[in-house]
Amino acid sequence: MKFGKRLKQQVQETLPDWRDKFLSYKELKKLVRLISSAPPFLNGSSEYGKSEAEFVRLLNSEIDKFNAFFMEQEEDFIIRHEALKQRIQKVIDTWGASASQPSEAEYKERMGKIRKDIVNLHGEMVLLENYSNINYTGLAKILKKYDKRTGGLLRLAFIQKVLEEPFFITDLVSKLVKQCENMIDSVFPAEEEEKENEGRETITVAGKGILRNAIAALMTMKEIRRGSSTYSHFSLPPLNLTESDLIPSFQLNSPISVAR
Amino acid sequence: MSSSFLVLPTTVVEKHPNLLFSFQVSLEREMMRNPASQQASPLSPGNRSVGPMFSSSSRFSNDMHVSSVSAQGRQSHNSPFISQSLRSREDFTPTHDSHSEVQSTEFIAYSDENKDLSWSVDSLLDFAENVPVQNSQVESSAGVFASEDHANRTNWQEWADQLISVDDDLEPHWSDILNDVNKTDSRQKELKPSPNISVQQPPIHQHQTAHSGEVCAVANPLSPAPPTKPRMRWTPELHEAFVEAVSQLGGSERATPKGVLKHMNVESLTIYHVKSHLQKYRTARYKPESSCGTSERKMSPVEEIKSLDLKASMGITEALRMQMEVQKRLHEQLEIQRNLQLRIEEQGRYLQEMFEKQRKREDDKSKTPSSSLDDPSLLQAKLEQSSTNNKLVASELDIVKTSNESALPEESSPSISRKQKAPEERNDLVLDQIEEESSPAPTKRPRRDESAELSTGAASN
């Protein structure tokens with residue numbers, strides 16, 4: 001149940017539009033329980049077969065859901081990314097140093113906005129990667145549970161298939177993420193690195209925005225990968241966020257109760 | 001124990017059709033319903049120009065393209081077949097009687113085509129997973145597998161084990177068993193489409209994924225009928241072509257979907273795709289334009305900070321920088337995690353294959369089950385090794401990352417690609433370690449010659 005809880009937390013913390021796009025882990029677990037409690041299949045035992053079919057069907061529809069959502073988001077990112085590039089170019093051309101009517105104030109202001117947008121786009125893309133990953137993890141876990149409970153052999157082959165699904169292949173998003181980073185670095189040269197690690201108090205992060213989600217995602221990932229009782233050769237090793245972080249310790253406000 | 005694995009598939013199939021139908025039904029249905037799909041799909045593999053690989057006629061071939069195209073430089077798996085077979089759709093209804101015969105054959109057909117996939121891996125790995133560490137329990141679980149209590153599941157495993165792992169290069173003798181089963185299948189005619197599939201396989205293997213404008217389409221899962229709204233996977237290159245077309249046609253407001261579609265001239269791109277994409281495009285451009293227009297409204301620093309979710313008395317720049325740092329971190333971790341996951345699955349598969357080969361060697365050498373008890377422990381040790389190696393990989397990557405932390409941001413890309421290379425090397429090291437037998441005490445393997453054989457087998461692999 002640990003993963004289930006973590007997943008639930010993630011879903012709560014996530015961007016509002018994404019809430020219903022995550023893995024229906026609980027639902028799948030119910031099915032697994034149903035399958036394992038159904039009479040071990042005799043010839044033509046419909047109960048067992050039915051719940052098993054239901055399980056596979058749900059898995060597949062979940063994967064379709066991930067794919068659809070993922071590709072939709074990916075398309076948006078591509079568009080926004082390109083739009084940002086155009087904006088940057090336009091600002092440089094219009095108010096930049098070598099422009100026809102250079103204006104440092106205008107330049108700075110518009111670039112400021114662009115910078116914010118880049119950072120937010122970057123954040124959303126990373127969150128999509130996280131989305132992909134956490135759903136994959138959930139699938140792997142539920143398949144493992146299935147195999148364990150039913151003695152079946154579903155896991156390995158199914159996972160192989162999942163590895164090839166569009167939602168898992170995040171190469172493009174990853175590339176765009178790096179491009180965003182480069183964009184930021186080239187347009188906004190590396191800032192002064194004063195007040196780096198000294199005296200960093202805990203910073204409270206409120207709201208439900210992207211930064212909060214990113215932090216929540218990191219923490220969740222760490223939690224999920226903490227040593228578990230069912231550690232096996234298929235388990236991920238514990239997440240090791242090194243101590244010498246540039247990032248100060250964050251703390252999240254208690255989650256806002258979802259009164260929807 | 002080894003003898004139990006030689007149970008003929010037919011008997012198993014007859015006994016336990018239910019377990020299989022979930023994997024077979026949709027497959028069979030697809031094949032029956034979409035014989036035309038086989039003709040449609042050859043178009044895509046042949047199309048090497050800037051054109052999306054897209055086939056709307058059936059989700060079967062769609063999946064095939066999706067899987068192969070989206071492999072993106074990864075080895076093109078043949079798992080589209082498995083993917084299709086594993087997927088059951090909404091119209092999924094179990095029909096037990098008719099399927100008992102068909103399942104085995106169809107599955108065989110797929111595994112015949114499926115060079116990379118070895119589903120024996122599943123059964124074996126599952127077996128391995130169920131084998132606890134201590135030797136005493138190993139014996140009991142081995143006994144369990146042979147016992148009547150688990151006869152059902154064991155048989156299914158055996159069946160799956162035998163039937164699915166057909167790899168012509170590695171497992172030539174399995175095809176004999178398969179051929180036997182084939183003969184017993186009365187509905188062999190339905191297998192006719194499969195030769196087409198195998199023909200299409202080679203072209204797909206030529207990695208077209210590198211081409212710009214590569215698009216793969218997935219059939220809309222919600223429509224059981226021939227999909228009307230297939231999903232297109234856009235790429236930056238394709239989008240560039242789109243933007244080019246739009247600007248040629250007078251801008252996003254004036255351009256029409258039809259005009260854009262025609263101008264882009266990309267095969268299998270439908271007007272529906274263009275329409276929705278154009279809509280998104282307009283929205284994306286409109287917002288920043290308007291916000292630029294109203295730039296006079298200067299937000300107070302407090303508002304800015306609030307909008308950045310940071311309650312701290314820091315400048316906007318600082319806040320953004322920090323947000324970026326966190327996001328970068330998350331991104332790094334996700335990449336590492338993903339690579340690990342891939343590695344893990346790969347190792348699992350590999351170990352399965354090794355185990356399978358080992359067992360096969362055992363069967364060839366002697367029919368006595370004398371060596372059976374050692375196999376689990378052997379495999380278990382190897383699995384432990386691999387998990388240790390996974391930890392090592394993770395920690396190694398962390399170390400690499402830490403040392404890179406002080407590096408300039410521009411190096412982030414090469415460092416990450418280096419990190420991604422590390423698992424590859426690590427994987428090879430894993431194999432070496434397994435072969436070299438440098439593992440600690442827990443499992444004393446009396447049969448050194450066995451492991452030596454295994455290493456030679458692995459080396460030749």
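Hydrogens, waters and symmetry mates are skipped; everything else that's a heavy atom, side chains included, is used. Here is how names work: the chains are called A, B, and so on, in the same order as the sequence lines, proteins then strands, and each is numbered from 1.
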Could you state the interatomic distance from CZ (A:R80) to OG1 (B:T283), rounded to the nearest 0.5 Å? 11.5 Å

Taking the six-membered ring of A:F70, is the NZ or CZ of B:R233 close enough (under 6.0 Å from the centre) and on axis enough (within 45°)? no

Are the charged groups of B:E345 and A:R155 less than 4.0 angstrom apart, N to O? yes

Interchain contact, A:F55 with chain B, by part (heavy-atom threshold 4.5 Å): neither

Using heavy-atom distances under 4.5 Å, tell me whether A:E129 contacts chain B through its side chain, its backbone, both, or neither. both

Taken to the nearest 0.5 Å, the spacing of B:I316 CD1 from A:R115 CZ works out to 10.5 Å

Does the pair A:K116 and B:Q323 meet the rule for a side chain to side chain contact (heavy atoms under 4.5 Å, CB included), with working shown? CA-CA 10 Å; A:K116 182 164 92 114; B:Q323 181 174 342; over 6 Å; no

Between A:F168 and B:L342, which heavy-atom pair has the shortest distance, and what is it? CE2-CD2, 3.8 Å

Are A:F188 and B:R321 packed together at the side-chain level, in the sense that at least one heavy-atom pair is separated by less than 4.5 angstrom? no

Looking at side-chain heavy atoms only, is the closest gap between B:L334 and A:S174 below 4.5 Å? no

Would you indicate whether the side-chain heavy atoms of B:Q327 and A:M125 approach each other to under 4.5 Å? no

Test side-chain contact (heavy atoms from CB on, under 4.5 Å) applied to A:I78 and B:H239, B:E237, B:E240, the passing residue: B:H239

Do A:K178 and B:H331 have side-chain heavy atoms sitting under 4.5 Å apart? yes

In sequence, state the C-alpha distance, the side-chain angles, and the governing distance for B:E346 and A:L163, and then conclude on side chain to side chain contact (heavy atoms under 4.5 Å, CB included). CA-CA 11 Å; B:E346 247 179 66; A:L163 290 178; over 6 Å; no

Test side chain to side chain contact (heavy atoms under 4.5 Å, CB included) on A:I79 and B:H277; report intermediate values, then the result. CA-CA 9 Å; A:I79 294 176; B:H277 197 75; 3.4 Å; yes

Evaluation steps, side chain to side chain contact (heavy atoms under 4.5 Å, CB included), between A:Q86 and B:R285: CA-CA 10 Å; A:Q86 281 186 1; B:R285 291 175 70 88; 2.5 Å; yes

To the nearest 0.5 angstrom, please state how far the NE2 atom of B:H273 sits from the CD atom of A:E75. 9.0 Å

Heavy-atom pairs under 4.5 Å with chain B - which of A:I184, A:V126, A:I134 has more of them than the others? A:V126

Heavy-atom pairs under 4.5 Å with chain B - which of A:T137, A:L59, A:I118, A:V119 has more of them than the others? A:V119

Nearest 0.5 Å please: distance from the CG atom of A:N133 over to the CD atom of B:E335. 10.5 Å

Checking B:R349 side chain against A:L156 main chain: does a donor-acceptor pair fall under 3.5 Å? no

Taking the side chain as C-beta and beyond, is there a heavy-atom pair between B:M324 and A:E181 under 4.5 Å? yes

Contact part of B:Q341 toward chain A, heavy-atom cut-off under 4.5 Å: side chain, backbone, both or neither? both

